[in-house]
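Have a look at the structure below, then the notes.
Letters go in sequence order (proteins before strands), and every chain restarts at 1. Everything quoted here is computed from the prediction, not taken from an experiment. What you see below is based on every heavy atom in this structure, not just the backbone, and it leaves out hydrogens, waters and symmetry mates.
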Amino acid sequence: MSQSISTKPPSGMRDFLAADVQRRRHVLAIVQRVYESFGFVPLETPTIENLTTLLGKYGPEGDQLLYRLLHRRDKLRRALDEGLQAGALDELGLADEGLRYDLTVPLARVVANYKDLPAFYKRYQIQPVWRADRPAKGRFREFYQCDVDITGSQSMVADAEVAGAIATVLEQLGFADFRILLNHRELLRALVAEAGIEAERESSALIALDKLDKIGVDGVRKELGEKGIAEAAAGALFAGLDAMREPGALERLAAGQGAGANGARELLELLAAAAGSPAGRHLTFDPTLARGLSYYTGPIFEVQVDDLAGSMGGGGRYDGLIGMFQKQPVPAVGFSLGLERVLLVMEQRGMFPDLGIGPQLLLCRMAGVSAADAVGTATALRAAGLRVELFADEAPMKKQLAYANTLGAPFVGILGPQEVEQGVLALKDLRSGEQVAVPVAEVAGRVQGA
RNA sequence: GUGGCUAUAGCUCAGUUGGUUAGAGCACCAGAUUGUGGUUCUGGGGGUCGCGGGUUCAAAUCCCGUUAGCCACCCCA
């Protein structure tokens with residue numbers, strides 16, 4: 001009976017055992033330290049948000065992937081009864097809450113809700129988010145995002161700062177080879193419009209364009225055709241793209257009066273500001289970069305490394321999002337790092353330093369030693385700064401030592417009647433096998449010095 | 001959402017053209033004289049071969065279905 005219950009976590013979600021947790025904490029500690037060094041302050045928001053907060057912010061694809069929470073008890077029964085009578089059940093009748101899909105929309109809600117926040121609110125947020133997606137390598141249904149955002153500023157310095165924070169984190173983690181791809185929503189819009197593509201086909205054209213480096217010109221051409229975009233328009237799109245790739249293209253565009261002039265000027269400002277930060281050497285203008293989330297309005301970013309199919313992070317400017325929660329629009333820009341993507345690449349590349357886990361010393365108790373003496377010795381060793389595990393059961397010495405091996409503890413301290421009497425501990429180095437009697441007060445120094 | 005692959009012990013897998021009580025390594029437990037591990041030796045527990053149906057004298061093995069997982073796309077962090 002009980003055997004038929006699956007003991008695996010739900011699809012796309014994971015348990016983290018000690019070694020996993022240590023690696024995650026190692027990365028998170030660096031992320032947090034760097035974010036705080038940039039002056040960002042922490043924020044945590046609820047796991048659950050109202051569906052009215054979440055819906056309509058991410059585009060149709062995003063709405064699809066939202067986890068919804070079904071009404072409970074009476075509310076559900078009433079909704080079903082009424083729905084069946086009316087002949088239709090609409091979505092908000094069944095659910096009015098959902099799991100957080102990202103950290104940006106909750107931030108926008110918070111900014112609109114607390115009017116006394118600083119004019120330039122720089123917050124960081126490290127929390128899990130949920131997407132009802134099909135899991136794959138590096139893609140989970142529950143995953144952590146590490147966001148930094150600045151609200152209230154239209155300056156490209158803000159954009160450069162969030163990119164700088166991300167670049168600093170990655171460099172401090174040991175990455176040297178990442179690229180921060182950069183583009184601008186207005187440039188994309190101008191590109192598509194000038195190619196003569198209808199406004200309603202804009203997003204599908206951009207999605208096709210985004211795949212250029214993967215499926216090539218012919219592949220994109222084919223996909224554009226399938227989306228109902230005329231061959232002439234596709235040709236014009238590629239021509240515009242080629243022009244954008246030429247050296248000095250951004251400068252020429254910025255100098256002109258065309259549709260993309262403002263976007264080009266902003267990118268140049270951003271690049272100029274970032275020249276003073278670690279982001280400078282990683283930022284790469286990529287006119288094909290599109291990004292799916294619909295709330296972006298200005299510069300957009302994506303972090304790439306060669307050995308990861310997806311991105312390690314992404315972000316951009318979203319000057320319209322907070323205005324969806326209040327009358328007054330507030331400009332904002334942010335960047336998000338995907339913790340598990342970072343971990344995946346670090347694991348593949350063996351980038352983790354030796355992260356000490358578990359006890360440094362296993363205290364073994366022999367027959368004839370009181371529990372109080374054993375606990376007291378462990379307490380003294382801990383007070384001296386050691387990580388100490390006390391073998392709880394009464395067991396033969398060989399069993400206790402074998403257990404120390406499975407723990408990976410470098411030392412055991414053996415406490416027998418003799419040792420108690422003399423106020424010492426038989427300290428054994430498990431790697432060398434050497435064993436010496438050491439006064440309890442000196443054990444910590446010995447172990448830490450080893 | 002599309003395509004492909006896999007499913008046998010806690011883990012990694014073997015199982016020959018269908019043929020008797022389904023195996024190995026690792027892990028776990030117990031012993032090899034009573035304060036001492038890692039190596040070695042011996043023994044032990046643990047599987048209705050993902051689930052359901054079919055073919056057959058006989059199915060882990062062949063067929064169909066189903067579920068789960070993995071990989072590549074799509075999309076994303």
Side-chain angles (χ1 to χ4, degrees), chain A residues 3-4 6-12 14 31 58-62 64-65 100-104 125-147 166 203-204 206-208 210-211 214-215 219 223 226 289-294 296 300-305 308-316 334-345 362 364-369 391 394-420 425-435 437:
Chain A
Q3 288 147 338
S4 66
S6 170
T7 54
K8 287 184 205 139
S11 167
R14 293 156 305 154
V31 171
Y58 305 105
E61 191 89 351
Q64 200 82 33
L65 298 179
R100 175 171 68 214
Y101 179 89
D102 74 354
L103 304 178
T104 307
Q125 188 168 358
I126 301 172
Q127 285 191 282
V129 302
W130 292 266
R131 297 185 186 177
D133 212 348
R134 183 195 276 206
K137 187 178 183 184
R139 183 168 67 201
F140 305 96
R141 288 179 161 168
E142 176 180 57
F143 61 96
Y144 272 69
Q145 291 194 318
C146 312
D147 278 39
I166 292 316
S203 66
S204 47
L206 292 181
I207 287 167
D210 195 40
K211 300 174 194 165
K214 282 176 204 153
I215 61 179
E223 188 165 329
E226 285 164 6
L289 176 68
R291 294 190 56 73
L293 296 178
S294 62
Y296 290 122
I300 47 179
F301 308 103
E302 188 160 303
V303 181
Q304 276 198 353
V305 289
L308 181 73
S311 65
M312 287 206 292
F335 212 131
S336 177
L337 210 53
L339 175 64
E340 6 289 298
R341 297 276 170 89
V342 170
L343 286 163
L344 184 71
V345 177
L362 177 71
C364 304
R365 167 164 70 120
M366 290 179 13
V369 175
F391 198 96
E394 289 184 25
M397 191 48 49
K398 69 189 320 184
K399 190 171 176 183
Q400 300 195 39
L401 288 168
Y403 178 68
N405 283 325
T406 68
L407 282 183
F411 287 92
V412 292
I414 298 168
L415 197 61
Q418 269 180 43
E419 283 78 11
V420 172
L425 201 56
L427 181 66
K428 184 180 178 97
D429 183 330
L430 285 176
R431 287 162 300 194
S432 66
E434 278 173 39
Q435 183 173 326

Checking N1-N3 plus N6-O4 or O6-N4 for Watson-Crick, or N1-O2 and O6-N3 for wobble, each under 3.5 Å, the partner of B:U21 is none
Nearest whole Å is fine: how far is B:A77 P from A:D102 CG? 8 Å
Taking atom C1' of B:A77 as reference, at what distance in whole Å does atom CD1 of A:I126 sit? 14 Å
Atom-to-atom span, CD of A:Q304 to P of B:C76 - whole angstrom: 12 Å
Identified pairing partner of B:C62, criterion: Watson-Crick or G-U wobble below 3.5 Å: B:G54
What is the separation between atom CH2 on A:W130 and atom P on B:C76, rounded to the nearest whole Å? 21 Å
What N/O pairs connect the protein and nucleotides 67-71 of chain B at under 3.5 Å? Give each pair on its own line.
none

Before you tell me yes or no, could you show the steps for A:R139 and A:E340 under salt bridge (Lys or Arg N to Asp or Glu O under 4.0 Å), namely the whole-Å CA-CA distance, both residues' side-chain angles and the distance that decides it to 0.1 Å? CA-CA 8 Å; A:R139 183 168 67 201; A:E340 6 289 298; over 6 Å; no
Provide, to the nearest angstrom, the distance between the CZ atom belonging to A:R141 and the C1' atom belonging to B:A77. 16 Å
note: A:D147, atom CG; B:C76, atom C1'; distance rounded to Å ~ 14 Å
Scanning all shown strands, the Watson-Crick or wobble mate of B:G1 with both distances under 3.5 Å is B:C73
Pick out the pairs of N or O atoms, protein on one side and nucleotides 36-42 of chain B on the other, that lie under 3.5 Å.
residue, atom, partner, partner atom, Å
B:U36, O2, A:K428, NZ, 2.9
B:U36, O2, A:Q435, OE1, 3.2
B:U36, N3, A:Q435, OE1, 2.7
B:U36, N3, A:Q435, NE2, 3.3
B:U36, O4, A:Q435, NE2, 2.7
B:G37, O2', A:N405, ND2, 2.5
B:G37, N1, A:L430, O, 2.6
B:G37, N2, A:N405, OD1, 2.7
B:G37, N2, A:L430, O, 2.8
B:G37, N3, A:N405, OD1, 3.3
B:G37, N3, A:N405, ND2, 3.2
B:G38, O4', A:N405, ND2, 3.3
B:G38, N2, A:L430, O, 3.2
B:G38, N2, A:R431, O, 3.1

